Amino acid sequence: MRGEARSFAAARKERAADIDRWLTDLLRTAVSQRNGKGGLLDSELRGRTELGGAERGPLTGVALVAVGSLGRGELAPGSDLDLVLLHNGRDDVAQIADRIWYPIWDSGVGLDHSVRTVDEAVKVSREDLKAVLGLIQARHIAGDPELTRAAREAVLAEWRADSRRRLGELRESADKRADSSGELAFLLEPDLKDARGGIRDVQAMQAVAAAWVASAPGPRVREAHELLLDIRHGLHLVTARGTDRLVLQEQDAVAGTLGLLDAEALMRRLAEAGRTIAHSFDATWRTVDRLLSGPAPRGRRPLADGVVEHGGEVVLARGVNPRNDPILVLRAAAAAAEAGLPLAPATVTALAAQSPPLSVPWPDEARDALVGLLGAGRAAVPVWEELDQAGVLVRLIPDWERVRHRPQRNPIHTYTVDRHLIETVAGAAAFTREVSRPDLLLIGALLHDIGKGWPGDHSTTGEVVVRDIAARMGLPAADVEVLATMVRHHLLLPETATRRDLDDPVTISRVAEAVGSHEVLELLAALAVADGLATGPAAWNSWKANLVADLVRRVRSALAGTPPAAAPVLSAEQASLARHGGGAIRVNGGAVTVVAPDRPGLLWRAAGVLAAHRMVVRSASAASAGSTAVIEFAVVPEYGSPPDPATLEADLRLVLAGRLDIEQRLARRTRSLRPPRVPVAPPRVTLVDDASNTATVVEVRAHDRPGLLWKIGRAFGDCGLDVRAARVETLGAEAVDVFYVVDRAGRPITDETQRGQVREHVLAALR
């Protein structure tokens, strides 16, 4: 990787030198043609190499200056040229400019250009942020260096004199960019330049340093910046164009150009670089705010033993030596989070460098400080990031290294694994007063996905890892068992609620057996909410929340030994509709009720109509009253407003009457869809054993598309099966659908040959 990076940096430098020579020749030709002369000496063109003076001659009064990526020495293979032709008022400057710009355009290289006097350049820079950022880092290429010097010094002087206003403008621009492009470290397809933590944020920090308000980016940021430039370089080579967005299908190839193993290795390095830059960017603006807002109030306010607030930051008290107190780093972090203040950079550096390791098992005070930090909720996130950037976390929890910056390369997850964990903690802190063991809730939230750093199912491996971590933290054996159960079963409630029939007694008994106690149940319930919210909007919504709450109520009753109340076969409204003898349809927001004469295939035919009307089915269940079937669908529109209920009801009646071919309509919808941009995994069909005593449970995982439920249901119908209930969940582009099916006699399938045939038939329908 280091060799590849060096070669890219060398290539950029060599290309810039080639372009400099080319542009110098263009300027020489342009001036010589205007003056009616032949070739000029290089010394006449370039002036002095340093900006210490100017040669007199034909090029006096005109200079070609590079701004943008060429000016900063960051030119990637597909980058455009950004040039300024400075002059002192020469009347032939327009002709000179034409003789430079046209050959560049003819070459096919993109060009952003301008022609200015020094005064004009200064005037434009006063109002145009892009112009001033380019000019303060302008690089002289050819011509009269005195013009370049004068322009740059005048622009810099005004930038510094008006720093209060201009830095506010710069910050606003950066915030808008971040709102529009997201955070580089956590994006599935990041914009290397405009995302938060990207190349433009480094340029912004350099501009702040040019204003003499904060220090220039340090070595870690410079290294991260070079990595982004190398990744962009590789991206341009792979795509053969000047793009800044690293899309999924290019990531493996770009990784190869940098000598990395695969896309995951690339995205992990990228996440680390983005977070390093974003962290430094935030620290830079704290410095800006502090210096521009005037002197901070004097005095030190005690926050904890050895920790005080000073100047709006958390610092160590006078005379405190971190070498004598291994718990100080956690105590300081907890104090900062609880006060909602940042740890001072010098304090973090000192704690990271000088704190001795904690004894194993941890003392009670250390564990209490960790819980205090985690319990601060949202305020704990930036403090945790400070500890991570300083390398403290991997010393406190060595297994953290395996999840640090680890990408989760699917659209469900908003964050890398490590950031997801602390975001889950921030959400779990809201439930600490609702559980009997808030400390275990917070530690469990922090470690619930720790197994993702190891091969295999992360819940299973996580249980092993968390036992070791909890023991090293000094937790009693009983608490270690609770944490191990939390990690092993942290997905139990949401997956059961969305993929199993809650009216089936086996579902409730299996969950009750797994959780074992009311204490673990309430911890898992709170963790499910916090985990879902921290995962992303596709992972948690009111529909899932209601299902989980319903499951928790039923399991709580089972653990208490209270028999569950027998659910009525039909609700009052359903019974009223059923008395009409069938053929009744009701659409009420996201609830669709179909009442019709009972017959095989009723559920999946109705699902096909809903799919044709852009309705996504989240769950479906069937009940019967005599010869009448009642099916309840929970639906949401794919996008926009839901369809007109009257039209939906009319099409449902036509399908039930056999007068509408829904297959053709769904086929037209499928043909109009774009194929997936990246290869998708093949579908998987699993018959789940021991999930029900009264039906066969079939789990189908496949790429989501309109009519998927209809296709699967029709395959069951072809096998002589009927769907009694369905649970449908969409995770980004992936569908996880679970069906409770019975044969024509209403019994589960027990014959192994028939079970295999069902599996193959459903798979064939999805291909």
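From a predicted model like this one, the values you see are computed outputs, not experimental measurements.
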So, taking the atom named [atom1] in [X] and the one named [atom2] in [Y], what distance separates them when rounded to the nearest 0.5 Å?
| X | Y | atom1 | atom2 | result |
| --- | --- | --- | --- | --- |
| L447 | T424 | CG | OG1 | 11.0 Å |
| R286 | L291 | CZ | CG | 12.5 Å |
| T414 | F186 | OG1 | CZ | 10.0 Å |

Pairs flagged by salt bridge (Lys or Arg N to Asp or Glu O under 4.0 Å) wherever residues 453-466 is involved - sequence neighbours left out: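 Output for this query lists E463-R467, E463-R488.
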
Salt bridge (charged side-chain N to carboxylate O under 4.0 Å, His left out) partners of E365, counting only residues at least two apart: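 Partners of E365 by the salt bridge (charged side-chain N to carboxylate O under 4.0 Å, His left out) criterion, ordered by chain and then number, come out as R331.
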
Those residues that, when tested against R220, pass salt bridge (charged side-chain N to carboxylate O under 4.0 Å, His left out) (two or more places apart): none

L266 and its side-chain contact (heavy atoms from CB on, under 4.5 Å) partner, picked from L227, I231, L261: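 Only one of L227, I231, L261 forms a side-chain contact (heavy atoms from CB on, under 4.5 Å) with L266, namely I231.
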
Identified side-chain contact (heavy atoms from CB on, under 4.5 Å) counterpart of E74 within the set H233, H225, E226: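 Checked H233, H225, E226 against E74; only one passes side-chain contact (heavy atoms from CB on, under 4.5 Å): H225.
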
Cation over ring face, R367 and W362, 6.0 Å, 45°: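 No; the conditions do not both hold, so R367 does not lie above the ring face of W362.
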
Closest approach of D230 to L258 (non-hydrogen atoms, all atoms of both residues):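 Minimum heavy-atom separation between D230 and L258: O-CD1, 3.7 Å.
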
Pair W212 and W159, ring centroids less than 6.0 Å apart: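 Not close enough - the centres of the two rings lie 6.0 Å or further apart.
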
Check: H458 ring centre within less than 6.0 Å of H490 ring centre: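 Close enough - the centres of the two rings lie under 6.0 Å apart.
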
D388 and H279: side chain donor to acceptor below 3.5 Å: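 No, H279 and D388 have no side-chain donor paired with an acceptor closer than 3.5 Å.
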
Side-chain donor or acceptor of R269 paired with backbone N/O of A265 under 3.5 Å: no

